[in-house]
Asks: 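Dropping a structure here in structure tokens format, bear with me for questions.
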Amino acid sequence: MKQFYYIFCVLLVAVISSVKSQPLNNSISGIVFDNATKEPLPNVNIYISNTTWGTTSQLDGSFRLSSIIPGSHEIVFSMIGYETYSQICKVTDSSKIFIKVEMTPKVYEFKEVTVTANRPEEWFDDLDEFKDKFLGYSPYSYECKIINEYDINFSHQQDKILIAESDNLIEVINYTLGYNVKCEIIKFEYNQPRNALCYSYRLFFTELDTSDLDVKEDWENNRIRKYKESLAFFLRTLFEGDFRDKGFEISLKYKPGIPGMDILNSSELIIKDLQTETCKLNFKEFLEVYNYNIDLESLRMSWLKLNYPSITIDKYGYPLETRAITICGYWAKLGVASFLPKYYGFEESRLSVK
């Protein structure tokens with residue numbers, strides 16, 4: 001039975017991947033310098049945010065990423081001792097983008113501190129609160145480990161707002177999904193009275209290494225299961241028009257918890273642009289989404305509210321606008337433990353790194 005399920009999962013990945021064409025003839029390349037000395041910088045970590053696509057700069061500061069899925073991508077340059085630099089690159093099927101990056105040495109502000117043998121009890125309380133919100137409400141959270149949690153600093157705004165910051169990338173090992181995730185915390189603010197989390201991260205995923213085929217099988221099964229639970233999968237089925245066949249029921253509501261209007265066809269919410277392979281998503285108030293792909297019935301409900309009159313969705317199920325959607329319900333409770341790389345299921349064989 002387990003072997004049958006594995007074959008089913010492999011076939012599902014094959015179906016997802018069937019939309020892919022031949023490797024794309026595009027690239028992002030360039031050279032990285034020290035802004036102060038103007039010398040080339042080797043060993044700079046370079047990655048496209050929220051993906052598995054990355055490389056490091058060579059001895060002469062040069063780098064190259066190629067065969068990239070078209071779209072608007074944030075390319076990030078990170079190195080200890082330097083300020084992180086990022087740039088948005090709009091990539092087409094045949095883009096040849098060359099960029100020169102000057103990284104600025106980081107200036108550390110040394111504050112008067114009191115050194116103690118142990119962290120104060122309040123720090124551990126803050127850490128527990130942070131991990132609960134950062135990793136998210138999911139069974140996957142219990143199989144995640146933050147490697148360098150002592151690099152995280154906490155502060156409080158108006159007592160009830162927890163702020164988390166770190167000068168270093170936070171490294172998370174996800175033993176359930178099989179990823180090492182490096183996270184730059186751009187913003188993390190948890191408002192306890194409102195139970196509202198405002199966050200912004202840059203993530204870079206790498207595969208965990210194992211020779212155990214059973215473990216690899218479990219990872220892939222868990223990834224497929226998690227993808228089918230995700231907002232990205234729902235938005236893709238909305239784009240493709242088969243959301244009902246893929247396990248979703250949706251309705252428009254004035255607010256969560258009251259009767260609304262059932263949506264039976266994607267055309268009631270979206271207008272497709274076949275030339276750009278995108279669609280405009282437009283609705284007022286709340287869109288209630290019931291996801292049968294989630295095992296626990298109590299976790300199947302989420303609500304979406306657009307932060308603009310309309311937003312643009314690409315064919316992979318990702319909004320092109322920043323902070324395009326406000327999420328309530330189960331999807332709002334998920335964190336890094338449940339995150340998959342952007343373009344999961346579509347990226348294999350599309351990116352080569354040189």
Side-chain angles (χ1 to χ4, degrees), residues 50 111 113-114 116 118-142 144-146 148-170 172 174 181 183-203 229-232 234 251-260 283-291 294 296-309 311 319 321-339:
N50 301 322
K111 300 178 182 179
V113 296
T114 302
T116 61
N118 300 302
R119 296 269 177 157
E121 184 177 343
E122 292 80 4
W123 184 89
F124 288 97
D125 292 338
D126 289 340
L127 178 64
D128 289 340
E129 185 88 82
F130 169 78
K131 289 167 71 172
D132 182 55
K133 304 306 176 187
F134 176 72
L135 296 176
Y137 179 75
S138 167
Y140 300 90
S141 303
Y142 300 106
C144 280
K145 181 178 181 180
I146 300 177
N148 56 334
E149 57 188 29
Y150 283 97
D151 287 343
I152 307 170
N153 299 311
F154 301 110
S155 60
H156 292 266
Q157 182 181 17
Q158 301 172 355
D159 292 333
K160 297 297 184 179
I161 299 179
L162 175 65
I163 298 173
E165 299 173 304
S166 177
D167 289 330
N168 300 320
L169 297 178
I170 302 304
V172 179
N174 190 326
V181 186
C183 173
E184 179 188 357
I185 299 176
I186 301 172
K187 182 177 183 179
F188 179 97
E189 291 185 6
Y190 174 60
N191 188 316
Q192 187 179 28
R194 295 177 54 200
N195 191 27
L197 176 63
C198 181
Y199 68 83
S200 178
Y201 309 138
R202 293 190 182 107
L203 305 174
E229 294 180 2
S230 70
L231 173 61
F234 165 67
S251 59
L252 285 174
K253 303 208 168 187
Y254 175 70
K255 63 180 180 178
I258 66 172
F283 62 86
K284 296 181 179 180
E285 309 306 339
F286 289 89
L287 183 68
E288 182 177 277
V289 182
Y290 192 85
N291 187 355
I294 298 174
L296 292 178
E297 184 176 353
S298 60
L299 302 180
R300 290 176 178 170
M301 194 78 77
S302 298
W303 294 268
L304 308 179
K305 185 174 179 60
L306 301 185
N307 294 332
Y308 305 96
I311 65 171
E321 292 85 2
T322 303
R323 297 183 179 88
I325 302 174
T326 296
I327 306 170
C328 306
Y330 177 64
W331 279 334
K333 299 178 182 179
L334 299 179
V336 171
S338 301
F339 291 170

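Just so it is clear, the model here is predicted, and its values are computed rather than measured. We use all heavy atoms of the structure for the numbers below, so side chains are in, but hydrogens, waters and symmetry mates are not.
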Asks: Quick check for you: to the nearest 0.5 Å, what is the distance between Leu127 atom CG and Leu162 atom CG?
Replies: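 It comes to 10.0 Å.
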Asks: Are Tyr201 and Phe134 close enough that their ring centres sit under 6.0 Å apart?
Replies: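 When the ring centroids of Tyr201 and Phe134 are compared, they turn out to be within the sub-6.0 Å range.
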Asks: How long is the straight-line distance from CD of Glu165 back to CD1 of Ile186, given to the nearest 0.5 Å?
Replies: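 CD of Glu165 is found 12.5 Å from CD1 of Ile186.
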Asks: Taking side chain to side chain donor-acceptor pair (under 3.5 Å) as the definition, give me every residue that meets it alongside Asp128, ordered by chain and number, with sequence neighbours left out.
Replies: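 Testing Asp128 for side chain to side chain donor-acceptor pair (under 3.5 Å), a comparison that skips the adjacent residues, returns none.
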Asks: Residues in salt bridge (charged side-chain N to carboxylate O under 4.0 Å, His left out) with Arg202, at least two apart?
Replies: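 Partners of Arg202 by the salt bridge (charged side-chain N to carboxylate O under 4.0 Å, His left out) criterion, ordered by chain and then number, come out as Glu74, Glu184.
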Asks: Taking only residues two or more places apart in sequence or in another chain, which ones pass ring-ring contact (aromatic ring centres under 6.0 Å, His included) with Phe339?
Replies: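 With sequence neighbours excluded, Phe339 shows a ring-ring contact (aromatic ring centres under 6.0 Å, His included) to no residue whatsoever.
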Asks: Parallel, tilted or perpendicular for Phe124 and Tyr150, by the 30°/60° rule?
Replies: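 Ring orientation of Phe124 relative to Tyr150: perpendicular.
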Asks: Atom CD of Glu285 and atom NZ of Lys255: how far apart are they, to the nearest 0.5 Å?
Replies: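 Result: 11.0 Å between the selected atoms.
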Asks: Taking the side chain as every heavy atom from C-beta outward, state whether Tyr330 and Asn291 have any atom pair closer than 4.5 Å.
Replies: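 The answer is no, as the side chains (C-beta and beyond) never meet within the 4.5 Å cut-off.
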Asks: Mark yes when over 12 heavy atoms from residues, nucleotides or ligands other than Tyr308 sit less than 6.0 Å from its OH; otherwise mark no.
Replies: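 Above 12, so yes.
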Asks: At their closest point, which heavy atom of Ala164 faces which heavy atom of Ile152, and how far apart are they?
Replies: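 So the two residues come closest at CB-CG2, 4.2 Å.
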Asks: Would you name the heavy atoms of Lys284 and Leu252 that are closest together and state the gap between them?
Replies: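 Distance-wise, the nearest heavy atoms are O-CD2, 4.2 Å.
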Asks: Rounded to the nearest 0.5 Å, how far does CG of Asn153 lie from CG of Asp167?
Replies: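 Rounded to the nearest 0.5 Å, the CG-CG separation comes out at 7.0 Å.
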Asks: Going by side chain to side chain donor-acceptor pair (under 3.5 Å), name the residues that satisfy it together with Asn148, two or more places apart in sequence or in a different chain.
Replies: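 For Asn148, the residues satisfying side chain to side chain donor-acceptor pair (under 3.5 Å) (neighbours in sequence not counted) are Asp151.
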Asks: Could you work out, with side chain to side chain donor-acceptor pair (under 3.5 Å) as the rule, every residue matching Glu321, not counting sequence neighbours?
Replies: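 Scan of Glu321 (side chain to side chain donor-acceptor pair (under 3.5 Å), adjacent residues dropped) gives Thr312.
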Asks: Considering non-hydrogen atoms only, spot the tightest contact between Trp303 and Glu288 and give its length.
Replies: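 Distance-wise, the nearest heavy atoms are NE1-OE1, 2.9 Å.
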Asks: Show your working on side-chain contact (heavy atoms from CB on, under 4.5 Å) between Leu231 and Leu304 and close with a plain yes or no.
Replies: CA-CA 10 Å; Leu231 173 61; Leu304 308 179; 3.9 Å; yes
Asks: Within the structure provided, determine whether Ile325 and Pro319 are in side-chain contact (heavy-atom separation under 4.5 Å).
Replies: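 Yes, at least one pair of side-chain atoms sits under 4.5 Å.
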Asks: Which atom pair, heavy atoms only, marks the closest approach of Lys253 to Gly260?
Replies: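 Taking every non-hydrogen atom into account, CE-N, 3.9 Å.
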Asks: With a 4.5 Å heavy-atom cut-off, do Asn195 and Lys133 have their side chains touching?
Replies: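 Answer yes - side chains close enough.
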Asks: By side-chain contact (heavy atoms from CB on, under 4.5 Å), which residues pair with Ser138, not counting sequence neighbours?
Replies: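 Ser138 satisfies side-chain contact (heavy atoms from CB on, under 4.5 Å) with Tyr140, Ser141, Lys226, Leu334, Ser338 only.
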Asks: Using the ring-ring contact (aromatic ring centres under 6.0 Å, His included) criterion, which residues pair with Phe154? Sequence neighbours excluded.
Replies: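 With sequence neighbours excluded, Phe154 shows a ring-ring contact (aromatic ring centres under 6.0 Å, His included) to Trp123, Phe130, given in chain and number order.
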Asks: Looking at residues at least two apart in the chain, or sitting in another chain, which of them share a side-chain contact (heavy atoms from CB on, under 4.5 Å) with Tyr290?
Replies: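 Per chain and number, Tyr290 pairs via side-chain contact (heavy atoms from CB on, under 4.5 Å) with Glu249, Tyr292, Glu297, Arg300, Met301.
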Asks: Could you list the residues that satisfy salt bridge (charged side-chain N to carboxylate O under 4.0 Å, His left out) with Lys131, not counting sequence neighbours?
Replies: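 Lys131 satisfies salt bridge (charged side-chain N to carboxylate O under 4.0 Å, His left out) with Glu149 once adjacent residues are dropped.
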Asks: Please evaluate residues Phe188 and Leu197 with respect to the criterion side-chain contact (heavy atoms from CB on, under 4.5 Å), reporting the C-alpha separation (whole Å), side-chain torsions for both, the decisive distance (0.1 Å), and the verdict.
Replies: CA-CA 7 Å; Phe188 179 97; Leu197 176 63; 3.6 Å; yes
Asks: Quick one: do His156 and Asp126 satisfy side-chain contact (heavy atoms from CB on, under 4.5 Å)? Show the steps, please.
Replies: CA-CA 10 Å; His156 292 266; Asp126 289 340; 3.0 Å; yes
Asks: Taking only residues two or more places apart in sequence, or in another chain, which ones meet Asn174 in a side chain to side chain donor-acceptor pair (under 3.5 Å)?
Replies: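 By the side chain to side chain donor-acceptor pair (under 3.5 Å) rule, Asn174 matches no residue at all.
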Asks: Under the side-chain contact (heavy atoms from CB on, under 4.5 Å) test, which residues partner Arg194, sequence neighbours left out?
Replies: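 Counting only residues at least two positions away or on another chain, Arg194 forms a side-chain contact (heavy atoms from CB on, under 4.5 Å) with Asn191, Ala196.
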Asks: Write down the atom of Ile161, the atom of Glu189, and the distance for their closest heavy-atom approach.
Replies: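 Heavy atoms only, the tightest pair is CG2-CB, 4.3 Å.
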Asks: Kindly compute the distance separating NZ (Lys333) from CD1 (Ile327), expressed to the nearest 0.5 Å.
Replies: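 That separation rounds to 13.5 Å.
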Asks: What's the spacing between Ser251 OG and Phe286 CZ if we round to 0.5 Å?
Replies: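 Ser251 OG to Phe286 CZ: 12.5 Å, rounded to 0.5 Å.
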Asks: Name all residues meeting the side-chain contact (heavy atoms from CB on, under 4.5 Å) criterion together with Cys198; count only those two or more places apart in sequence or in a different chain, and write none if there are none.
Replies: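 Testing Cys198 for side-chain contact (heavy atoms from CB on, under 4.5 Å), a comparison that skips the adjacent residues, returns Lys187.
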